[in-house]
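Indexing begins at 1, ligand by ligand and atom by atom, following the structure's order. The chain is numbered in sequence order, starting from 1.
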Amino acid sequence: MTALPNDGGVHALLTACRIVSTDPQERARAAVDRSGYVPGSIPDGVVYAESVDDVVQALRLATRHRVSIVPRGAGTGLAGGSSATAGTVVLDVSRMNRILSIDPVEQQAVVQPGVLNADVNAAASQHGLFYAPDPASTAICSIGGNVATNAGGMWCAKYGVTRESVLSLQVVLADGRILKTGRNTIKGVSGYDLNALLIGSEGTLGVVVEATLRLRPKPLHTATVAAYFADAPAAAQAASAIVEARIQPAILEFIDGATLAAVDAMMGTDHSSRGNAFLLAQTDGYGALLEQRVLVEAITPFATSVEQTDDDARAAELVAARRNAIPALQRLGRVSIGDIGVPRNRLAEAVEGLAEISKRTGVKIFVIAHAADGNLHPMVVVGQDESITEGPAKAALGEMFRLARRLGGTLTGEHGIGLLKQEWLEEEVGGLSLDLQHKIKAVFDPLGILNPGKGI
Ligand SMILES: Cc1cc2nc3c(=O)[nH]c(=O)nc-3n(C[C@H](O)[C@H](O)[C@H](O)COP(=O)(O)OP(=O)(O)OC[C@H]3O[C@@H](n4cnc5c(N)ncnc54)[C@H](O)[C@@H]3O)c2cc1C
């Protein structure tokens, strides 16, 4: 990371801000996210913001003293986006964690950035509503981080990613000015869409201090299917068959056999005894059972075993298998999490390509995927003392990216570029696009103090 050189500026900032820590343990905690990346040093301090004023003050001081700032939510990112090194100060907004209002008629929630994703859903459900973007990390990640990474999740295939559920934002710019983006109406085309630009900008353009979220009516009915397959390509073919059947499951998740075994080992379940690959599907709404029937017809020719349920408790157990896949693998070693996206009808080719990469590079690749939108998470697991940014793990990540490109896909579906995927970005977006993106960054943050070296 390239922090600005500064002479005493950090000290001046940390002295003037209201709540700060220079405790080495807190700085070390703020140095890392959940990507497994270990930076070579720790930030100079942590500023804890409890209000918009705290953020404004920190950024005004950062501008005055030319201090690099790393915005931080819950620190669950998987791309090194909130990792921080010496010469930078972390601006932690996790204490700004209040739900300010919920309007059940307009179906909107206004929240501070540190509110956890699951807490928004718990509050919305009191009104028969839900917030659709549901990362597997829902219980531990913040809305500000979700906005900054344009996070996705299981329900996104049907309801869209974060960008489709954020109506407006309040953002503090690098110099401390407060920008409002978007609007609180469902439609609106006045001016350029700065709301969409901010979403997914990985803390490089401004610090999100408030978000107005779009809520949706909670489906009254859901129907769940757990299908097991002899191998991963058969499951991927079944997923493509569901897309071809022109139904729209709310959830369609893929887990390969090795990951399933790790989930079983952690949770005491026995999924892996039923097949070497797993598809979890959920249909919802008034036609849930009808759609479930079409879905089962589409996948049965490929499956070895199919379980159907409309029991909420059993459905929750099946969904838990997917939600726990990443923690289950993290018990096996350090995990480098890929996040490639491919056109949905190329899922089977992607799964086969990943198996080839594993064979060629000799690294073990576990695969889970949001099958309905073609977003795969190939995961390389290495020993606790091995690097995920160098050596075989890095080589495998590069190969995965090239595979995605060959299949007409993308480097990252939902985790972002962060620090760890930058070297492949230009190849995907092109030199002209990247040049324009750097110019946009310079308009928002002329001194380059916001999350330098991340995102673009
Ligand atoms: C077990 C596990 C499962 C996961 N599953 C998913 C998944 O299904 N889908 C998915 O999309 N992700 C998933 N993730 C990744 C992660 O949870 C998301 O990227 C999440 O959006 C990060 O939120 P955070 O609050 O932890 O952000 P952080 O890690 O704190 O920050 C992430 C990025 O956002 C920036 N940022 C944070 N807060 C703000 C703010 N208020 N203003 C401006 N910038 C800010 C940071 O600078 C950084 O660049 C998973 C992670 C784990 C550990």
Would [X] count as being in polar contact with ligand 1, using the rule that some N or O on each side must be under 3.5 angstrom apart?
X: G73; value: yes
X: R322; value: no
X: E202; value: yes
X: L78; value: no
X: D134; value: no
X: S82; value: yes
X: I140; value: no
X: A136; value: yes
X: A74; value: yes
X: P327; value: no

Side chain, backbone, both or neither: [X] near ligand 1, heavy atoms under 4.0 Å:
X: V208; result: both
X: N451; result: side chain
X: N146; result: both
X: Q330; result: neither
X: E414; result: both
X: T76; result: both
X: P113; result: side chain

Any sub-3.5 Å donor-acceptor pair from [X]'s side-chain atoms to [Y]'s backbone N or O?
X: S51; Y: D54; value: yes
X: R27; Y: P43; value: yes
X: Q422; Y: G453; value: yes
X: D44; Y: G87; value: yes
X: N195; Y: L167; value: yes
X: R334; Y: E386; value: yes

Protein residue, atom and distance nearest to [atom], heavy-atom basis:
atom: atom 11 (O) of ligand 1; value: G152 N, 3.0 Å
atom: atom 25 (O) of ligand 1; value: S142 OG, 2.6 Å
atom: atom 12 (N) of ligand 1; value: H415 CD2, 3.5 Å
atom: atom 32 (C) of ligand 1; value: T149 CG2, 3.9 Å

Should we say atom CZ of R177 is surrounded by more than 12 heavy atoms from elsewhere, each under 6.0 Å from it?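 12 or below, so no.
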Enumerate the atoms of ligand 1 whose separation from the nearest heavy atom of [X] is less than 4.0 angstrom.
X: S137; result: 2 (C), 3 (C), 4 (C), 5 (N), 6 (C), 13 (C), 14 (N), 16 (C), 17 (O), 50 (C), 51 (C), 52 (C)
X: G145; result: 21 (O), 23 (O), 24 (P), 25 (O), 27 (O), 37 (C), 38 (N)
X: G206; result: 43 (C)
X: R34; result: 53 (C)
X: A148; result: 34 (O), 35 (C), 36 (N), 44 (N), 45 (C)

Using a distance-only test with no angle check, is there a side-chain donor-acceptor pair under 3.5 angstrom linking [X] and [Y]?
X: D92; Y: S94; value: yes
X: D284; Y: Y159; value: yes
X: H11; Y: H65; value: no

Within less than 4.0 angstrom of ligand 1, does [X] place any heavy atom?
X: K454; answer: no
X: V93; answer: yes
X: G418; answer: no

*Please lay out, stage by stage, how L376 and V351 fare under the test side chain to side chain contact (heavy atoms under 4.5 Å, CB included).*
CA-CA 9 Å; L376 298 103; V351 167; 4.1 Å; yes
Restricting to heavy atoms, the pick from S83, G144, A49 nearest atom 39 (C) of ligand 1 would be G144
Looking at G416, A30, P71, the heavy atom closest to atom 47 (O) of ligand 1 belongs to P71
When every non-hydrogen atom of I42 is compared with those of A31, the smallest separation belongs to CG2-CB, 4.0 Å
In this structure, CG of D256 is separated from CZ of F229 (nearest 0.5 Å) by 13.0 Å
So CD of Q330 and CE of M266: to nearest 0.5 Å the spacing works out to 9.5 Å
Point to revise | C17 vs Y48 side-chain heavy atoms within contact, under 4.5 Å | key: no
Restricting to salt bridge (Lys or Arg N to Asp or Glu O under 4.0 Å), what partner residues turn up for D339, sequence neighbours left out?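 D339 satisfies salt bridge (Lys or Arg N to Asp or Glu O under 4.0 Å) with no residue once adjacent residues are dropped.
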For E202, all residues meeting salt bridge (Lys or Arg N to Asp or Glu O under 4.0 Å), sequence neighbours excluded
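With neighbours one apart ignored, the set is empty.
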